[in-house]
Undergrad: 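Quick one: this structure, given as structure tokens, is what I'll be asking you about.
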Amino acid sequence: MSDMAAQATNRLDDMFARYRAEGKAALMPFITLGDPDCGTTLKLLLRLEEAGADVIELGVPYSDPLADGPVIQRAAERALRGGVTLEDSFRVARQAREQGARIPYVLFTYYNPVMQYGIERFFRTAAEAGFSGAIIPDLPYEESGPVREAADACGIHLVPLVAPTSEERISRITAEGRGFIYCVSSLGVTGVRESFDQEVERFIRQVKATTPLPVCVGFGISTPEHVKQFSAYCDGVIVGSAIVRKIEEAQPLLSDEATFEDGILQICDFVRQLRD
């Protein structure tokens, strides 16, 4: 059965149903496609799964990343200098599946590349490559209907982002959610933070009251302590900038064949710490 046909039982749905029954929260690392190159991204997809990742969010580098902070912006710039494209994300995901990857993948990209690629073609190709979800942070909720319909037709979950805002708007967004609800822990762009106040927990509980879907949190989560804190009341915890920064720090190791494995281990050890 093809990956597209397999989307009838979406990997995200299966994973969250299992984890909810077990009382577990999912760990969801974010990495940037092609940083430092697509071969390393492929290796990381496979090795992060071994290290305890439950879902991997794969970010497509974009020249105007409005939602991304400086760490992820630098990663995108490095990847773009290497000529990485949206098509590479499909190729790398297919290769990971061919090599035995089993966990769900969520593709993070901006709307312009999707529109240029063709909306229906984008979701069809993503499904065939083995993606279970997609996040398009600059797609306004009010304009997301046709995109969501195209995603639904291919068995891909268009995952909405919800920021602290009015209760009415949160309810409207979550009512049309798919896969899980991505709660943005703070207004602004992604980036490492030292701590979170009680308002974040209140916001997340407010979102959970509006939807039966799993509720996950991201933006700024960077330490095992943060993961433990949010795992107590979230279905999933997304760690982006902290992992991308580890990849950035490992660049000298990753650029040398003799030390490449040491660089991969350095990144995976950090993810294991988050998982444990």
Side-chain angles (χ1 to χ4, degrees), residues 1-31 45-46 48-58 93 96-97 100-108 123-124 126-136 144 147-162 170-185 201 203-218 221 226-240 271-272 274-276:
M1 182 167 59
S2 70
D3 268 302
M4 190 170 178
Q7 296 299 324
T9 54
N10 189 290
R11 285 185 176 92
L12 280 170
D13 297 336
D14 292 345
M15 186 274 297
F16 277 120
R18 187 171 70 253
Y19 275 30
R20 276 184 159 181
E22 297 171 358
K24 292 170 60 178
L27 177 64
M28 306 170 66
F30 170 101
I31 60 175
L45 288 175
L46 299 168
L48 291 178
E49 181 171 347
E50 295 174 4
D54 301 302
V55 180
I56 294 178
E57 191 179 326
L58 184 61
R97 294 290 180 217
R102 300 178 61 84
I103 63 173
Y105 293 156
V106 175
L107 190 58
F108 181 104
F123 287 111
R124 185 173 63 250
E128 291 168 347
F131 283 98
S132 300
I135 297 172
I136 306 176
S144 63
V147 180
R148 187 166 52 251
E149 290 175 9
D152 287 346
C154 295
I156 296 280
H157 289 322
L158 183 64
V159 176
L161 280 83
V162 180
I170 289 172
S171 296
R172 289 205 309 270
I173 294 172
T174 60
E176 299 295 340
R178 302 288 191 273
F180 64 92
I181 306 300
Y182 188 141
C183 285
V184 176
S185 68
E201 180 177 352
F203 160 57
I204 291 168
R205 294 193 184 281
Q206 178 187 16
V207 173
K208 293 188 79 167
T210 70
T211 179
L213 288 175
V215 173
C216 304
V217 63
I221 298 168
H226 292 163
V227 173
K228 182 178 180 180
Q229 173 187 346
F230 286 111
S231 293
Y233 51 88
C234 290
D235 297 286
V237 181
I238 301 155
V239 183
V271 172
R272 285 191 185 91
L274 298 174
R275 173 80 273 173
D276 293 342

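Residue numbers run from 1 in the order of the sequence given.
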Undergrad: Write down the atom of Gly179, the atom of Pro214, and the distance for their closest heavy-atom approach.
TA: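 Where Gly179 meets Pro214 most closely, the heavy atoms are O-CD, 3.4 Å.
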Undergrad: Between Val159 and Tyr182, is any pair of side-chain heavy atoms under 4.5 Å apart?
TA: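 Val159 vs Tyr182: side chains touch.
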Undergrad: About how many Å separate OG of Ser231 and CD1 of Ile221, when rounded to the nearest 0.5 Å?
TA: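 It comes to 8.5 Å.
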Undergrad: Which heavy atom in Ala96 sits nearest to a heavy atom in Leu46, and how many Å separate them?
TA: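 Heavy-atom minimum between the residues: O-CD2, 3.8 Å.
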Undergrad: Would you call the rings of Phe108 and Phe30 parallel, tilted or perpendicular if under 30° counts as parallel and over 60° as perpendicular?
TA: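 Rings of Phe108 and Phe30: perpendicular, over 60°.
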Undergrad: Could you walk me through whether Val147 and Phe123 pass side-chain contact (heavy atoms from CB on, under 4.5 Å), step by step?
TA: CA-CA 9 Å; Val147 180; Phe123 287 111; 3.6 Å; yes
Undergrad: Could you report the tightest heavy-atom contact between Ala26 and Phe16, atom names first, then the distance?
TA: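 The pair with the smallest heavy-atom distance is CB-CE2, 4.2 Å.
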Undergrad: Identify the heavy atoms of Arg11 and Ser132 that sit nearest to each other, and give their distance.
TA: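 Heavy atoms only, the tightest pair is CB-OG, 3.4 Å.
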Undergrad: Enter the distance from His157:NE2 to Arg148:CZ here, rounded to the nearest 0.5 Å.
TA: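 Spacing of NE2 (His157) from CZ (Arg148) equals 13.0 Å.
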Undergrad: Would you call Arg172-Glu176 a salt bridge at under 4.0 Å N-O?
TA: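 Not counted as a salt bridge, because no side-chain N and carboxylate O are separated by less than 4.0 Å.
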Undergrad: So, for Phe180 and Val106, which heavy atoms are closest and what is the spacing to 0.1 Å?
TA: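 So the two residues come closest at CE2-CG2, 4.3 Å.
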Undergrad: Can you tell me how far the CE atom of Met15 sits from the CG atom of Asp235, to the nearest 0.5 Å?
TA: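 Rounded to the nearest 0.5 Å, the CE-CG separation comes to 9.0 Å.
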Undergrad: Measure across Val271 and Ala53 and return the closest heavy-atom pair with its distance rounded to 0.1 Å.
TA: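 The answer is CG1-N, 4.5 Å.
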Undergrad: Mind checking the CG-OG1 spacing from Leu213 to Thr174? Nearest 0.5 Å is all I need.
TA: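 Taking CG in Leu213 and OG1 in Thr174, the distance rounds to 8.0 Å.
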Undergrad: Would Ile103 and Leu48 satisfy side-chain contact (heavy atoms from CB on, under 4.5 Å), going step by step from the backbone distance to the final call?
TA: CA-CA 10 Å; Ile103 63 173; Leu48 291 178; over 6 Å; no
Undergrad: Counting distance only, does the side-chain N/O of Asn10 pair as donor-acceptor with the main-chain N or O of Gly155 below 3.5 Å?
TA: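 Answer holds: yes.
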Undergrad: Working to the nearest 0.5 angstrom, can you tell me the gap between Ile181 CD1 and Lys208 NZ?
TA: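 Reported to 0.5 Å precision, the distance equals 12.0 Å.
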Undergrad: Kindly compute the distance separating CD (Glu57) from CD1 (Ile135), expressed to the nearest 0.5 Å.
TA: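 Going from CD on Glu57 over to CD1 on Ile135, the span is 4.0 Å.
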Undergrad: With no hydrogens and no angle check, is any side-chain donor or acceptor of Asp54 less than 3.5 Å from a backbone partner on Leu27?
TA: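 Yes, Asp54 side chain to Leu27 backbone: donor-acceptor pair under 3.5 Å.
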Undergrad: Val162 versus Val215: any side-chain heavy-atom pair under 4.5 Å?
TA: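 When only atoms from C-beta onward are counted, Val215 and Val162 do not touch, as no gap falls below 4.5 Å.
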Undergrad: Whether the side chain of Arg97 engages the backbone of Gly130 through a donor-acceptor N/O pair (distance < 3.5 Å, no angle test) should be reported.
TA: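 Yes.
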